[in-house]
Amino acid sequence: MAVAPDDPFPYDLARYLATSTGLPQPTTERVIKDVNAFYDETVEEFVRRRHVELHRKNRKNDEIWPQISAELGHRRFAAPDLTERQLRRMIYG
């Protein structure tokens, strides 16, 4: 498979997963894309999505907010775009 040099998709990981799990490579590629999309979600997108999901389960807001708040501490979120200056300030203050 010819891969564009700027394509960040980890085809080597997809091949490895296909070999180690016995799943077809197209399936492993889809799983990797799904996992990446899961981790690309921002805090705001997560809060909005979870509120809708919990609301559809007939939960009330006074139950929803504490649950979402607790879930936030156990999630990873997409990092914001940082300038070189912001990166330097993390190191040098």
S.K.: With the 4.5 Å side-chain cut-off for hydrophobic clustering, are Leu54 and Val43 part of the same group?
M.R.: yes
S.K.: Quick check: closest heavy atoms across Ala18 and Pro24, and the distance to 0.1 Å?
M.R.: CB-C, 4.4 Å
S.K.: When you check the side-chain N and O atoms of Glu71 and Gln67, is any donor under 3.5 Å from an acceptor?
M.R.: yes
S.K.: What's the spacing between His51 NE2 and Ile64 CD1 if we round to 0.5 Å?
M.R.: 4.0 Å
S.K.: Could you measure the distance from the CD atom of Glu63 to the CG atom of Asn58? Nearest 0.5 Å is fine.
M.R.: 10.0 Å
S.K.: Nearest 0.5 Å please: distance from the CZ atom of Arg59 over to the CD1 atom of Ile68.
M.R.: 10.5 Å
S.K.: Do Leu13 and Val31 sit in the same hydrophobic cluster, where Ile, Leu, Val, Met, Phe, Trp and Tyr count as joined when their side-chain heavy atoms come under 4.5 Å apart?
M.R.: no
S.K.: Are Val47 and Leu72 packed together at the side-chain level, in the sense that at least one heavy-atom pair is separated by less than 4.5 angstrom?
M.R.: yes
S.K.: In the structure I gave you, are the side-chain heavy atoms of Arg88 and Thr83 within less than 4.5 Å of one another anywhere?
M.R.: no
S.K.: Enter the distance from Gln25:CD to Leu17:CG here, rounded to the nearest 0.5 Å.
M.R.: 9.5 Å
S.K.: Would you name the heavy atoms of Pro66 and Asn61 that are closest together and state the gap between them?
M.R.: CD-O, 4.3 Å
S.K.: Answer yes or no: is there an ion pair linking Arg49 with Glu45, defined by an N-O contact shorter than 4.0 Å?
M.R.: no
S.K.: Verify the neighbour count for atom CD of Gln86: are there more than 12 heavy atoms of other residues, nucleotides or ligands below 6.0 Å?
M.R.: yes
S.K.: Are the side chains of Phe38 and Arg75 in touch, meaning some heavy atoms are under 4.5 Å apart?
M.R.: yes
S.K.: Has Thr27 got a side-chain atom pairing as donor or acceptor with Leu23's backbone, closer than 3.5 angstrom?
M.R.: no
S.K.: To the nearest 0.5 Å, tell me how far Tyr16 OH sits from Thr21 OG1.
M.R.: 9.5 Å
S.K.: Does Ser69 reach the main-chain N or O of Trp65 with its side chain, forming a donor-acceptor pair under 3.5 Å?
M.R.: no
S.K.: Enter the distance from Phe9:CZ to Glu29:CD here, rounded to the nearest 0.5 Å.
M.R.: 5.0 Å
S.K.: Salt bridge (Lys or Arg N to Asp or Glu O under 4.0 Å) for Glu53 and Arg56? Distances and angles first, verdict last.
M.R.: CA-CA 5 Å; Glu53 290 171 356; Arg56 285 184 181 152; over 6 Å; no
